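This report refers to the structure that appears directly beneath it.
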Amino acid sequence: MEPSLLSLEKLDRSSPDLWPEQIPGVYEFAPVMSPQLSPDPQNLDLEEPDYNLLYQFRLLTALEIIEEVKKLQNVAYQLGLEEAKEMTRGKYLHILNNRKEK
C-alpha cells in the first residue's frame, strides 16, 4: 500500500454531527424492531392468503427476493407517476380548488 495514501484518522461514527440520522427517530425504532424481539407468528392477525404469500417468499433465494423487491419498487414508481398525472389533471380541471362560500 502506498504510504502517502494511508490515513490514520479515526472516524467516530457515534457523533450526530458527523453522521446525522437519515430519518429522524429511526435509531429509537430500530432496537424495538430487532429480529430477536419480533412478534410471535402465532399472535399475528394473518389470513390464509397472507400465510401462503409468506410461505412463497420463504422458498425464494436471496436473488429472487431482490427481484421481488425491485418489482415492488417499479410498481410503486408507476403508481406515483399515475398519481402525479391524476393530480395534474385535477388541477387543470379545477377539481381540487377550495370553494369559498359567498
Side-chain angles (χ1 to χ4, degrees):
M1 178 174 225
E2 181 71 30
S4 64
L5 298 177
L6 185 62
S7 173
L8 300 175
E9 181 182 5
K10 303 258 189 228
L11 296 178
D12 180 18
R13 294 186 183 270
S14 64
S15 170
D17 295 329
L18 291 176
W19 309 99
E21 288 183 88
Q22 294 290 331
I23 302 170
V26 76
Y27 291 145
E28 288 82 31
F29 180 74
V32 173
M33 296 305 293
S34 68
Q36 295 83 12
L37 301 175
S38 61
D40 183 20
Q42 305 300 328
N43 295 339
L44 295 176
D45 188 25
L46 299 177
E47 296 177 3
E48 191 65 30
D50 300 325
Y51 283 112
N52 290 337
L53 187 61
L54 286 174
Y55 180 73
Q56 290 173 359
F57 285 148
R58 190 180 68 153
L59 298 176
L60 297 178
T61 65
L63 292 176
E64 292 170 331
I65 291 174
I66 290 171
E67 284 300 315
E68 287 295 321
V69 169
K70 287 180 181 178
K71 287 179 191 175
L72 287 173
Q73 288 174 333
N74 287 336
V75 168
Y77 178 76
Q78 292 299 323
L79 183 62
L81 289 178
E82 281 184 42
E83 183 178 9
K85 287 179 192 175
E86 292 298 323
M87 292 298 287
T88 303
R89 183 176 172 212
K91 177 182 163 187
Y92 288 132
L93 294 173
H94 303 290
I95 294 173
L96 303 174
N97 286 351
N98 291 334
R99 295 183 185 186
K100 295 184 180 179
E101 303 273 337
K102 291 184 180 179

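All of these numbers come straight from a predicted model, not from anything done at the bench. Values below: every heavy atom of this structure, side chains too, minus hydrogens, waters and symmetry copies.
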How long is the straight-line distance from OG1 of Thr61 back to CD1 of Ile66, given to the nearest 0.5 Å?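 Atom-to-atom, Ile66:CD1 and Thr61:OG1 are 8.5 Å apart.
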
State yes or no: do Leu53 and Leu60 share one hydrophobic cluster built from I, L, V, M, F, W and Y residues joined by side-chain heavy-atom distances below 4.5 Å, directly or via other members?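 Result: yes, single cluster for both.
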
Can you tell if the side chain of Met87 reaches within under 4.5 Å of the side chain of Lys91, non-hydrogen atoms only?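 When only atoms from C-beta onward are counted, Lys91 and Met87 do not touch, as no gap falls below 4.5 Å.
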
Without placing hydrogens or testing angles, list every side-chain donor-acceptor pair under 3.5 Å for residues 67-75, not counting sequence neighbours.
{"residue": "Asn74", "atom": "ND2", "partner": "Lys70", "partner atom": "O", "Å": "3.4"}

Is Arg89 salt-bridged to Glu86, going by a charged N under 4.0 Å from an acidic O?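 Salt bridge flag = yes for Glu86 with Arg89.
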
Exercise: identify the closest heavy-atom pair between Phe57 and Ile65: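 The answer is O-CD1, 4.2 Å.
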
Can you sort out the partners of Leu59 under side-chain contact (heavy atoms from CB on, under 4.5 Å), two or more places apart, ordered by chain and number?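 Scan of Leu59 (side-chain contact (heavy atoms from CB on, under 4.5 Å), adjacent residues dropped) gives Tyr55.
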
